[in-house]
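Written below as structure tokens is the structure these notes are about.
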Amino acid sequence: MDKNTIGILRIDSLHFFVRDLERNRAHYTKQLGFVERAVSGPEFTFAHGVQASLLEAGEVCFVFMAPVSGDSECASWLARHPEGVGRVVFEVQDVEHAYHVLRTRGATPTSAIEQGELIDGRVRWFDIATPLGATTFRFVQRAGMRAIFPGLIRHERRRGVPGNRFGVLGIDHLTSNFLSLAPAVAWMEQVLGFERFWDISFHTRDVRAEADGGSGLNSIVMWDPASGIKLANNEPAAPALENSQIYRFCVEHRGAGVQHVALAVQNILGCVSVMRGRGVGFMPTPSAYYDRIRERGIQLTESIEKLRRLQVLVDGEGSEYLLQIFLRDAASTFGDAEAGPLFLELIQRKGDRGFGAGNFRALFESIEREQTRAA
């Protein structure tokens, strides 16, 4: 391991802080194909002031936590934000090394290195503050089962439909929104040691005259070359930045935060088809979008009409492309503003390593249509 790197292996898990544990557990298991692997026992609830449900799909691990104590970390987070990602957990090779490197680079730890003993191993971790408001980053070193913390009780049999129903592979990337991007990117470079991978700027004034000034964004993707982890980051673009859906996210989330989690899947068309049949809501794409696909020169093996019917987006060059689609946000899904503006993306990569530059306008305008409809 390079002594100058943190030694990140992968995204271990995401911790969601929620007010209603049952509706999230039901939605993810019944509609999105996750299985429940563990729940909080008395020890965990007493130590953290929450009830928890650990859900998995493929290599993805989500832990949903709902407060039972007003002075818990979860309750404090929810006093500032609607439901959302309260902590991103990275697995590292050596937790003491990661702690030393991050402190040397100016990170602000919010805990010392902690340790928990398990029946089948040991886990050590620490947290740091981030530019993402109250959201923290955790760095964890595991010996034994990776996704279990002390006090979480495994089910003898995983609850939910057996197997990985929708062929989820892992987390492709995380996307966060900020009102000002430069400080966040500088922190990722200087503290985390991440590098710039991709960027784009988009504004509707570039493609058509807007009486109200239009709207847009600037986006920079940072990555850790050793692990391949990618963190995408957006800010609203002037002029009329308050028209931007990035600005509106920050208003609804009450600060910077994780906008969406992109899940890599094996077969996006089959996945979306079944999900739609189960009533999962997706952000709409205008039919005219598919009329222009042939002009873009992408050598698809999929039927354009099937893409149109399922409203799956496509981007890339030649024979290398990606397919992606975005689910409706939690607030729309649950009909509750306090469920938050977080949403999921499904993505299938077929040689393209980018972020759908050709789809940015379609996604951007789709989110704004949804926000207008819900207003």
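As the structure is a computational prediction, the values presented were derived from the model and not from experiment.
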Would you name the heavy atoms of Leu310 and Ser273 that are closest together and state the gap between them? CD2-CA, 3.9 Å
For Thr45 versus Ser40, what's the shortest heavy-atom pair and its separation? OG1-OG, 3.6 Å
Applying ring-ring contact (aromatic ring centres under 6.0 Å, His included), can you list everything that pairs with His15, at least two apart in sequence or on another chain? none
Gln259 and His253 side chains, donor-acceptor separation under 3.5 Å: no
His48 versus Glu73, side-chain donor and acceptor atoms under 3.5 Å: no
Taking the six-membered ring for Trp, are Phe90 and Phe137 ring centroids under 6.0 Å apart? yes
Smallest separation among heavy atoms of Arg196 and Ile220, with atom names: NH1-CD1, 3.5 Å
Residue pair Asp127 / Ser111, side-chain donor-acceptor N/O under 3.5 Å: no
Please name the residue in the list Tyr28, Phe17, Phe34 that meets the ring pair (Phe, Tyr, Trp, His ring centres under 6.0 Å) test with Phe64. Tyr28
Hey, is Arg25 close enough to Glu36 for a salt bridge, meaning N to O under 4.0 Å? yes
Between Glu235 and Asn177, is any pair of side-chain heavy atoms under 4.5 Å apart? no
Separation between OG of Ser72 and CE of Met65, rounded to the nearest 0.5 Å: 10.0 Å
Partner of Glu91 by side-chain contact (heavy atoms from CB on, under 4.5 Å), out of Asp12, Ile8, Ile11: Asp12
Where Ala52 and Leu152 come nearest, the two heavy atoms and their spacing: CB-CD2, 4.2 Å
Side chains of Thr135 and Arg87: any donor to acceptor distance under 3.5 Å? no
Side-chain donor-acceptor pair present, Asn233, Ser176, cut-off under 3.5 Å: no
Side chains of Thr104 and Tyr99, donor plus acceptor under 3.5 Å: no
Can you see which heavy atom on Pro284 is nearest to which on Gln311, and at what distance? CA-OE1, 3.2 Å
Angle class for the Phe197/Phe355 ring planes (parallel below 30°, perpendicular above 60°, tilted otherwise)? perpendicular
Phe282 six-ring centre to Arg328 NZ/CZ under 6.0 Å and within 45° of normal: no
Flag the pair Pro82 / Arg254 as yes when at least one side-chain heavy-atom distance between them is below 4.5 Å, and no otherwise. yes
Salt-bridge criterion met for Arg308 and Glu305 (N-O under 4.0 Å): yes
Heavy-atom side-chain contact between Leu307 and Leu300 under 4.5 Å: yes
Nearest atoms (heavy-atom pairs only) where Arg103 meets Pro109: CD-CG, 3.0 Å
The salt bridge (Lys or Arg N to Asp or Glu O under 4.0 Å) partner of Asp172 among Lys230, Arg349, Arg10 is Arg349
Among Val89, Val258, Leu174, Val63, find the residue that satisfies the side-chain contact (heavy atoms from CB on, under 4.5 Å) test when tested with Leu14. Leu174
For Glu345 and Gln324, which I'm curious about, is there any donor-acceptor pair between the side chains at under 3.5 Å? yes
Going by atom types only, do Lys350 and Thr301 share a side-chain donor-acceptor pair under 3.5 Å? yes
